[in-house]
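Presented below is the structure to which this report refers.
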Amino acid sequence: MYKTHYCGDLRASDAGTDVVLAGWVHRRRDHGGLIFIDLRDSRGIVQVVVNPEDAPEAHAAASDARGEYVLRIAGRVEPRRQGTENDRIPTGAIEVRATGVEILNPAKTPPFYINEDADIDEQLRLKYRYLDLRRERLHNNIVMRHRIVAEIRRYLTDRGFIEIETPVLANPTPEGARDYIVPSRVHPGEFYALPQSPQQFKQLLMVAGFERYFQIARCYRDEDLRADRQPEFTQLDLEMSFVEQSDIWDLFEELYLHLARTVRPDLNVPSPFPRITYADAMRRFGSDKPDLRYGLELNDFTDLVRETEFAVFRGAADSGGAVEGICVPGGAEFSRKEIDALTETVKQLGARGLVSIAYTAGMEALTEESVRSPVLKFIGVDLARRLGERAGANSGDLLLIVAGAGGMPAKEPGSAGRVKPSLDALRRALAQKLDLADRNTLQFAFVVDAPLVEWNDEEDRWDAVHHLFTSVHSDDLHLLDTDPGSVRSNAYDLVCNGWELSSGSIRIHRREEQVRIFELLGIIPEQQQERFGHMLEAFEYGAPPHGGFAPGIDRTVAIFAQETDIREMIAFPKTKSASDLMTNAPTPVDPSVLDVLGLQLKPRTARDGQ
RNA sequence: GGCCCCGUGGUGUAGCGGUCUAACAUGCCACCCUGUCACGGUGGAGAUCGAGGGUUCGAAUCCCUUCGGGGUCGCCA
């Protein structure tokens, strides 16, 4: 072994011990005579003192050392002199008096600082990811990730879950995200797809009788990326037989509370986790993953504005659209510029504009002089008062209202379908502006009773909201034929602080129910057989009732590490354009490789023309 | 695919039409320094401003294109 101890492990109790350490030069302080070296290894940092009088050769080597040089140092652990202790580091009570210093490997000056937490260009960080990972912040993140995954495995194993691997070379998913495709050499012209999730396999494991399965599974989706999305990501995939929704919620609430206690006991994690319906989440917050750390709830004003002469409001109400808004406590003081910025926020989400009404008196005493609004002359004091009353406004508050017209595609700018997303964005912008979200709180919640299907305008059909194996809420079975859009499913999410952490559902386990859903989704019998024949058949061999959940590991650890970007939790992440700046993946392959696979590339221009 | 932001010594920034023969901090190099811990002191090297084109007497600064990175909407069963 190169070393007898880890730098970061040494304590006052080790005083008097002879040690051999190996690590990197974190910092060097050369006093001409004495040289101090902060030596870093995977466990932490310790100060080494090299005195030319008691180790001239060691001193010479220490003189040559520079930042990030790899050193082996022999010496004795000694208590620091009175007054030179450093209580900012765990090893600060002691230091290592060097008797020998050996340079194991020199190092070029790194392209960025390893020893401080500065903001570095992402591009550079990704190119030299192995150096970025040396920095304390990422190092700690990766360690925390391990601790969480280890706890998950232990927790589930203790409860009788079995970890089972499923194939990475699988079949394409006909719906949902774009697949990553892998050509088959043995079957020219045929392809595997990398799994978007192990969905079908885990259900088949339930049919196989394991009852409690989990897996830390890599998943692949070829879609555009975000701060919380990578082309390959990890999920805790879990499935249980003979359970109801609340069994799964209870299991995961306990798991997440356990994780919080284990890795972040300092954070405030309110429990029990609220269970709110999808409909309530949308109505109150305009989002299916609301941040529940603050209020700023939405108010529906549509019924109040039918009589107004203000065309924007009335037009929206009359056309079956929506007029909704948020009351901002103390917001009456916002400047024109501030409101303009908020207007820009909602416009980017498809709102036509933002109507503001500032109140400088209570609703009971409201006059023309105590309402400030660009539209006051259209709506009048009376409507301003009724809107304020509905929203619970007080003197000094500001009402911000978005109107959207009905009768047009939901994703069209200015449509009623844009009102909720606009107000969701507005709500989050306001919370940030007013600093309403307590950084040290993790407010988890289950969002339940999600819709079964949603209408796809482009394809002119119903699409599954969760996935096509999701079972129907028993109260809504009668609506399946008449009003599919309002059918609830047994699907649920776990959300936290505005993040969607997990999705799951109770699955269909009977063939006839599955076929009925396939029919609703416009999958004809021939396709059912071709794509899902194995599932339908499996359901005929005694499939148990079952359901599951699949939290994103990257997002989960990001939440606990208080990072806003999952790239900070992944050792080797990809850029927004799904490339790896360190290894340069993806790359073209040699024509002979394509040849073996029976593939031929189209010229670039031909592909662009499609 | 749309919209938005960014790209200046190794790193982080400033400069936003002539005063830029590009500034500051830090890092780097050399010398001095025996108790520092973001050690200190003195001196020095180091970028033609992502790339290409254009406007102009003159461009890091304005315009266009392009590449790369990021944010966001669409998309993500």
Side-chain angles (χ1 to χ4, degrees), chain A residues 26-38 45-54 59 66-68 80-89 91-92 95 97 108-128 131 172-179 196-197 199-200 219-231 233 344-345 347-350 410-413 418 421-422 425 428 450 452-454 456-459 462-470 489 491 500 503 505 517 521 523 552 564-565 567 574-577 579 581 608:
Chain A
H26 190 68
R27 221 179 274 282
R28 193 180 67 108
R29 292 177 293 280
D30 186 344
H31 286 240
L34 282 184
I35 295 175
F36 296 93
I37 289 174
D38 292 339
I45 292 170
V46 72
Q47 173 167 286
V48 176
V49 199
V50 190
N51 191 323
E53 284 171 13
D54 47 52
H59 186 267
R66 293 292 182 271
E68 301 308 312
R80 292 201 189 183
R81 292 183 187 184
Q82 192 96 46
T84 67
E85 302 91 344
N86 184 348
D87 55 16
R88 292 195 302 276
I89 58 173
T91 61
E95 63 193 5
R97 194 182 181 93
K108 289 165 70 174
T109 300
F112 50 81
Y113 306 108
I114 309 293
N115 52 16
E116 50 188 270
D117 187 24
D119 275 336
I120 311 292
D121 183 52
E122 287 243 14
Q123 225 167 320
L124 199 65
R125 292 178 58 197
L126 290 170
K127 180 173 178 189
Y128 296 98
L131 295 180
T173 315
E175 303 202 0
R178 242 173 260 122
D179 288 313
Q196 297 177 24
S197 82
Q199 182 60 37
Q200 295 184 32
C219 305
Y220 308 85
R221 292 176 192 175
D222 186 6
E223 292 292 345
D224 287 345
L225 305 176
R226 290 283 193 287
D228 61 353
R229 284 193 228 153
Q230 281 274 296
F233 61 99
E344 194 48 42
T345 299
K347 277 187 171 173
Q348 279 166 13
L349 274 294
K411 281 163 188 165
E412 202 69 17
R418 295 280 82 195
S422 301
R428 286 182 283 124
L452 183 73
V453 294
E454 66 182 345
N456 183 332
D457 270 321
E458 285 159 28
E459 304 287 337
W462 293 103
D463 278 348
V465 169
H466 182 52
H467 58 56
L468 61 196
F469 306 110
T470 304
S489 66
E500 179 192 309
S503 284
S505 64
I517 297 302
L521 298 174
I523 302 171
T564 55
D565 190 329
R567 283 181 292 243
K574 293 188 170 54
T575 67
K576 204 199 153 194
S577 57
S579 50
L581 297 181
D608 290 345

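First the proteins, then the strands, lettered A, B, ... as listed; each starts at 1.
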If you assign Leu34(A) and Thr84(A) each to the RNA chain B nucleotide with the nearest heavy atom, which residue ends up on the more 5' nucleotide?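 So the residue in question is Leu34(A).
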Sequence-distant partners of Arg567(A), side chain to side chain contact (heavy atoms under 4.5 Å, CB included), two or more places apart: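 Arg567(A): side chain to side chain contact (heavy atoms under 4.5 Å, CB included) contacts with Glu122(A), Gln230(A), Asp565(A), Pro573(A).
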Using only heavy-atom distances, decide whether a donor-acceptor pair under 3.5 angstrom links the side-chain of Thr470(A) to the base of A77(B). no
Any donor-acceptor pair under 3.5 Å joining the side chain of Glu116(A) to the base of U26(B)?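 Checked by distance alone, the answer is no.
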Any base atoms under 4.0 Å from [X], or only sugar-phosphate, or nothing? Heavy atoms, all strands.
| X | answer |
| --- | --- |
| Leu124(A) | sugar-phosphate |
| Ala118(A) | nothing |
| Glu85(A) | base |
| Asp119(A) | sugar-phosphate |

Taking the same atom, P, in G27(B) and in U11(B), what whole-Å distance lies between them?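 It comes out at 15 Å once rounded to the nearest Å.
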C1' spacing across the pair C31(B) / G69(B), given as an integer number of angstrom: 41 Å
Base contacts versus sugar-phosphate-only contacts with protein, heavy atoms under 4.0 Å: please encode nucleotides 65-76 of chain B as B, S and - from 5' to 3'. ---SSSBBBBBB
How does protein contact run along nucleotides 39-49 of chain B, one letter per nucleotide 5' to 3', with B for base contact, S for sugar-phosphate only, - for none, heavy atoms under 4.0 Å? B----------
Partner nucleotide of A23(B) by Watson-Crick or wobble geometry (both distances under 3.5 Å): U13(B)
Using the side-chain hydrogen bond (donor to acceptor under 3.5 Å, both in side chains) rule, pick out the option among His26(A), Arg28(A), Arg29(A), Arg27(A) that qualifies with Asp38(A). Arg29(A)
Please give, in whole Å, the distance from G27(B) P to Tyr113(A) OH? 6 Å
If you compare every side-chain N and O of Arg88(A) against the phosphate oxygens of A38(B) (OP1, OP2), does one of them come in below 4.0 Å?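 Answer yes for this pair, as a side-chain N or O of Arg88(A) is under 4.0 Å from OP1 or OP2.
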